[in-house]
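Here the structure comes first, spelled out in structure tokens, and everything after it is commentary.
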Amino acid sequence: METLKSVIRDIPDFPKEGIIFKDITPLLSNSVAFKQVIDTLRDRYKNNRVDQVVGVEARGFIFASALAYALGCGVVMVRKPGKLPYKTFHKKYSLEYGEDNVEIHQDAFEKGQNVIIIDDVLATGGTLAACIELINKNFEVDLLEVGFLIELDFLKGRENLGKVPIYSMMHF
Ligand code: AMP
């Protein structure tokens with residue numbers, strides 16, 4: 001895990017002052033590290049009969065799709081407003097300044113499917129809390145777990161995610 005941590009780059013004051021941004025691009029371009037991440041996630045979920053891996057725009061798509069391929073299951077996209085072409089459900093959530101929305105296609109899942117959500121970073125948890133509500137309110141599926149590459153422990157984001165099991169590969 002220390003090797004993986006070494007390919008996460010800290011960018012101070014991005015996108016604004018006071019934020020230390022966890023840049024995962026060195027991890028993505030390192031074939032050994034990227035494979036280690038996907039293999040770790042695959043080993044974690046391979047016996048869970050996962051039907052759909054949900055990826056959250058945009059970096060979540062990278063990990064969700066590679067994992068879905070490794071597990072042999074489907075990928076579902078949760079996107080920012082106005083990007084999905086078919087009928088959508090949406091969930092509004094608060095940001096530090098103002099609000100935003102997440103959207104999902106109305107036919108994203110079949111009833112009873114086993115679902116996991118994958119994202120890169122758990123920060124305040126605001127985005128993921130909205131995704132969880134979006135899925136739980138509109139679909140009859142089993143949300144097995146939410147998986148992150150990185151959890152920023154000091155932001156206590158997991159406290160905002162309710163009862164859903166949470167897995168984080170790395171803690172900072
Ligand atoms: P949040 O809703 O605060 O948990 O964060 C939403 C998304 O913003 C996360 O999924 C990350 O993709 C991104 N994000 C927030 N804070 C950081 C950070 N310090 N470094 C990298 N990405 C971040």
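Count residues from 1 along the sequence. Atoms within a ligand are numbered from 1 in the order they appear, just like the ligands themselves.
- Under 4.0 Å is where a charged nitrogen must lie from a carboxylate oxygen, and between Arg158 and Glu151 at least one such pair does.
- Classification of Asp10 and Lys22 as a salt-bridged pair holds, one side-chain N sitting under 4.0 Å from a carboxylate O.
- The side chain to side chain contact (heavy atoms under 4.5 Å, CB included) test with Val53 is passed by exactly one of Ile117, Val76, Ile116, Val115: Ile116.
- Atom CD of Gln106 is separated from atom CZ of Phe89 by 4.0 Å, given to the nearest 0.5 angstrom.
- For ligand 1, the 4.0 Å heavy-atom shell contains residues Ile20, Phe21, Lys22, Arg59, Asp119, Asp120, Val121, Ala123, Thr124, Gly125, Gly126, Thr127, Leu152.
- Between Lys91 and Glu103 there is no salt bridge, since none of the side-chain N atoms of the basic residue sits less than 4.0 Å from a carboxylate O of the acidic one.
- Remark: Lys5 NZ is packed, more than 12 non-hydrogen atoms of other residues, nucleotides or ligands lying under 6.0 Å away.
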